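What follows is one structure encoded as structure tokens, with my remarks underneath.
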Amino acid sequence: MILLDGKKTSEAIKKEIALEVEQLVANGSRRPKLVAILVGDDGASRTYVNNKEKACQDVGFDSAVIRYPGDTSEEELLAKIDEINGDPGVDGLIVQLPLPPHIDEAKVIHNISPSKDVDGFHSQNVGKLMLGEETFVSATPYGIMALLEHYNIDTKGKHCVVLGRSNIVGRPISNLLSLKGNPGDCTVTICHSKTRNIEQHTRMADIIIAAIGIPQFLKEDMVKEGAVVVDVGITRVPDATRAKGYRLVGDVDFEHVAPKCSYITPVPGGVGPMTIVSLMRNTLQAMKQHK
Ligand code: GUN
């Protein structure tokens with residue numbers, strides 16, 4: 001079993017980005033800039049946004065985080081997005097999800113300029129992704145593809161089972177893995193909450209992408225020998241023995257599944273850091289396109 005080390009892989013990619021930024025700056029360019037909007041005080045969202053801000057510092061980007069209280073109106077949020085859309089000094093804009101229930105998430109995403117939508121959530125960018133056109137690939141699927149590529153995992157003709165059909169992970173990764181190319185050329189099955197006999201599907205999978213948000217959902221008897229398992233789950237489970245009062249648990253019962261795998265991602269240190277570095281990649285790309 002080989003660990004797909006997202007921490008190490010993302011550090012290597014970060015170094016490449018940082019080098020490119022310094023070269024751009026040396027040639028008279030300004031630094032890429034990412035703006036993140038956070039509404040409310042969800043603990044996990046706060047951590048994600050802080051990690052994104054820290055990554056910006058690591059690679060030499062400018063960044064700003066705009067924090068709004070949870071009762072901020074949709075109108076105020078949309079006005080801020082409009083303002084940032086029109087700011088030529090900003091390359092990438094992300095609104096951390098989930099948003100409070102009184103705000104229409106789809107409307108918010110739709111108001112982000114597609115050229116600054118480095119999360120790749122806007123329907124225009126999702127459409128391009130579906131067609132295999134160059135676009136901002138949303139960060140988690142982009143990170144998974146980069147990890148598979150980094151470890152030279154042969155995906156051609158393989159049967160990939162994706163657990164979860166979210167707009168952020170399940171749908172785009174299913175599409176990417178079914179497209180022509182490497183990684184890609186997979187036969188993809190998407191499973192979700194209404195799928196019958198999920199284990200019959202997962203047992204046939206050469207590659208499993210677990211993105212359903214149920215801690216330790218994927219058990220040893222659901223995985224065939226030699227499978228590649230990518231764990232996207234990252235749930236905070238209360239744990240009084242930890243200083244923070246919780247630990248992070250993936251969608252895979254790692255302890256029992258890992259011995260059967262040819263490759264598997266750990267949680268934490270697998271997909272998470274790859275997601276963040278992919279956002280940095282998209283922001284750099286946005287900056288080059290804006291130049
Ligand atoms: N919430 C969970 N994942 C993401 C992400 O990749 N981007 C944003 N904006 N919100 C998220």
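Computed from a predicted structure; not experimentally measured. One-based numbering, in listed order, for ligands and for the atoms of each.
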Contacting atoms of ligand 1, where contact means under 4.0 angstrom from a heavy atom of Val95
8 (C), 9 (N)

Close-contact set for ligand 1 against Phe121 heavy atoms, below 4.0 Å:
5 (C), 6 (O), 7 (N), 8 (C), 9 (N)

Looking at [Y] and [X], is any side-chain nitrogen of the basic one under 4.0 Å from a carboxylate oxygen of the acidic one?
X	Y	value
Glu83	Lys80	yes
Lys158	Asp185	no
Lys116	Asp87	no

Measure the distance from atom 1 (N) of ligand 1 to every protein heavy atom, then report the residue, atom name and distance (to 0.1 Å) of the closest one.
Leu97 O, 2.9 Å

Looking only at protein heavy atoms, identify the closest one to atom 11 (C) of ligand 1 and say how far it is in Å.
Gln96 NE2, 3.3 Å

I would like to know whether Lys244 and Asp239 meet salt bridge (charged side-chain N to carboxylate O under 4.0 Å, His left out); could you show each step before the answer?
CA-CA 8 Å; Lys244 287 181 173 168; Asp239 186 342; over 6 Å; no

Would you mind telling me if ligand 1 is within reach of the side chain of Glu105, the backbone, both or neither, using heavy atoms under 4.0 Å?
neither

Is there a path of hydrophobic side-chain contacts, each under 4.5 Å between heavy atoms of I/L/V/M/F/W/Y residues, joining Ile209 to Leu248?
no

Within the 3.5 Å criterion, strictly below it, is a donor on Asn125 or Thr135 matched to an acceptor on the partner's side chain?
yes

So, is Asp119 polar-close to ligand 1, with some N/O to N/O distance under 3.5 Å?
yes

Could you establish whether Tyr48 and ligand 1 come within less than 4.0 Å of each other, counting only heavy atoms on the residue side?
no

Return the option from Leu38, Ile168, Asp42 holding the heavy atom at the smallest distance from atom 3 (N) of ligand 1.
Ile168

